[in-house]
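In what follows, a structure is listed as structure tokens, so that the remarks can point back to it.
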Amino acid sequence: MKLRTFLASAVAAAAALAFATPALAQNYKSEYRMSLVLGPAFPWGKGGELWANKVKEKTQGRINIKLYPGVSLIQGDQTREFSALRQGVIDMAIGSTINWSPQVKALNLFSLPFLFPDYAAVDAVTQGDVGKSLFQTLEKAGVVPLAWGENGYREISNSKHPIKTPADLKGMKIRVVGSPLFLDTFTALGANPTQMSWADAQPAMASGAVDGQENPLSVYQAAKLSTVAQKYITLWNYMNDPLIFVVNKDIWNSWTPADREAVKQAAIEAGREEIAIARKGMVEEGKPLLKEIAAGGVTVTQLTPAERESFVKATRPVYDKWKGQIGADLVNAAEKAIAARKQ
Ligand code: X2X
């Protein structure tokens, strides 16, 4: 009698399970691969962790995500990430607009020198119509964009001396990433830019093969760049580097509508939280991150408006040239959104 009851309930449980999860057996992978350049020691990787955890929770474990920082699925070659995502080598990613800009020209918008004066300007673009239009461009390019995050404002550091004018950059070997736009910007400033991946950049700074680099201060600090001779930082806010949460199209289509919605909501929440983490130390009274960096024996140079203007002027021809390549309509719309921002 007991055995019969047990068998009956076991059969009922199995039937219920099969009914509840018809898609699982055929379409769902046991694990999905998320590509990132920076791991959880950085705001970027923290965003990945947040997204993965929220997805697991919201889908009751139907969608499990493993993080691959260091863009390890593509051997560290971050400018190949977008193609790999489209081809399905990568299932999902939180990617930088810089790294995807060789394949998606419009994303060079964010690298236009001195377009974004402050965080409100960044938000006005990413969270407004321009952001929507860029998501449409990404959809057409074959991926499913879900939310915005942020790597941050990229400030310049070097091993030689404080930079206050373009003349201070003259002949300096600066590591840059991604699009040819960076080569144009740093050439216009009189520097000697050289393109390399983040993985190669740190040994190059340590050996003195390059003199300087540009990255957000949160990256500078978490990667301990002062220990690879980067003793001088200039705050020039020349560009902000947003991140985008995306999923490969076939993977997206393999999920139920309810799970897609869960993954999307998780991305939006994680993106919002990640942006707050990325801005930490720079939006509070007195900018505590600057004090922390200076306390490590690093010279932090703040430019006067006139000093900053000399960099803006020197890079204006680059801005004008790339405005055409990105699409004048898109750049005009961004300029307009920035001018109308709430401060
Ligand atoms: O390579 C960089 O500089 C980094 C980590 O900021 C990006 O991936 C854009």
Side-chain angles (χ1 to χ4, degrees), residues 34-48 67-85 90 92-104 107-113 116 122 126 148-159 172-183 185-186 191 193-206 209-226 228 230 233-246 274-275 277-279 282 289:
M34 185 199 295
S35 178
L36 310 147
V37 178
L38 302 174
F42 300 81
W44 190 333
K46 264 269 170 306
L67 271 53
Y68 289 85
V71 265
S72 58
L73 295 167
I74 41 169
Q75 294 76 47
D77 188 354
Q78 63 213 61
T79 50
R80 275 179 37 219
E81 189 179 56
F82 192 80
S83 308
L85 193 53
I90 292 169
M92 56 212 296
I94 305 178
S96 154
T97 51
I98 300 175
N99 294 331
W100 297 354
S101 62
Q103 290 84 32
V104 189
L107 292 181
N108 282 292
L109 174 73
F110 297 97
S111 308
L112 279 176
F116 295 92
V122 178
T126 56
W148 293 92
E150 183 167 291
N151 191 18
Y153 266 103
R154 299 180 75 92
E155 313 295 2
I156 186 153
S157 73
N158 81 92
S159 60
M172 238 186 225
K173 269 182 262 158
I174 305 292
R175 174 267 173 174
V176 295
V177 66
S179 161
L181 196 167
F182 289 82
L183 297 178
T185 298
F186 284 88
T194 166
Q195 235 167 30
M196 65 182 76
S197 71
W198 174 244
D200 292 339
Q202 294 168 88
M205 285 180 245
V210 298
D211 304 315
Q213 63 89 43
E214 42 78 65
N215 249 297
L217 295 182
S218 61
V219 176
Y220 175 93
Q221 200 55 349
K224 302 188 174 67
L225 294 190
S226 66
V228 286
Q230 298 296 297
I233 297 178
T234 296
L235 306 179
W236 62 346
N237 273 27
Y238 91 119
M239 67 157 290
N240 189 293
D241 177 15
L243 302 175
I244 306 177
F245 291 60
V246 299
E274 190 275 337
I275 289 173
I277 297 169
R279 294 180 184 182
M282 294 302 286
L289 181 58

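Just so you know, ligand 1 is whichever comes first in the structure, and atom 1 is the first atom listed for that ligand.
Contacts between Gln213 and ligand 1, counted as non-hydrogen atom pairs separated by less than 4.0 Å, are absent for every part of the residue. With a heavy-atom cut-off of 4.0 Å, Val219 does not touch ligand 1 at all.
For Asp241, no nitrogen or oxygen atom sits less than 3.5 Å from a nitrogen or oxygen atom of ligand 1, counting backbone and side chain alike. Note: no N/O pair closer than 3.5 Å links Ser96 and ligand 1 by distance alone.
Judged purely by atom type and a 3.5 angstrom limit, Trp148 uses its side chain to pair as donor or acceptor with the backbone of Thr126. Between the side chain of Glu150 and the backbone N or O of Glu274, no donor-acceptor pair lies under 3.5 Å. Side-chain atoms of Thr234 do not come within 3.5 Å of backbone N or O of Trp236 as any donor-acceptor pair. Gln230 places a side-chain N or O within 3.5 Å of a backbone atom of Asn158 that can act as its donor or acceptor partner.
The distance from ligand 1 to the heavy atoms of Trp198 drops below 4.0 Å at these ligand atoms: 1 (O). Atom numbering of ligand 1 starts at 1 in the shown order; those under 4.0 Å from a heavy atom of Asn151 are 6 (O). Those atoms of ligand 1 that come under 4.0 Å of a heavy atom in Val37, given as number and element, are 5 (C), 8 (O).
The aromatic rings of Phe182 and Tyr238 lie perpendicular to each other, with more than 60° between the two planes, well past the 30° mark.
Counting only heavy atoms of the protein, atom 8 (O) of ligand 1 lies nearest to Asn99 ND2, 3.0 Å. Among protein heavy atoms, the minimum distance from atom 6 (O) of ligand 1 is reached at Asn215 OD1, 2.6 Å.
Applying the salt bridge (charged side-chain N to carboxylate O under 4.0 Å, His left out) test to Glu81 and every residue at least two apart in sequence or in another chain returns nothing. Every residue meeting the salt bridge (charged side-chain N to carboxylate O under 4.0 Å, His left out) condition with Arg154, not counting sequence neighbours, appears here in chain and number order: Glu214, Asp241.
Among Glu81, Arg175, Gln78, the residue whose heavy atom lies nearest to atom 3 (O) of ligand 1 is Arg175.
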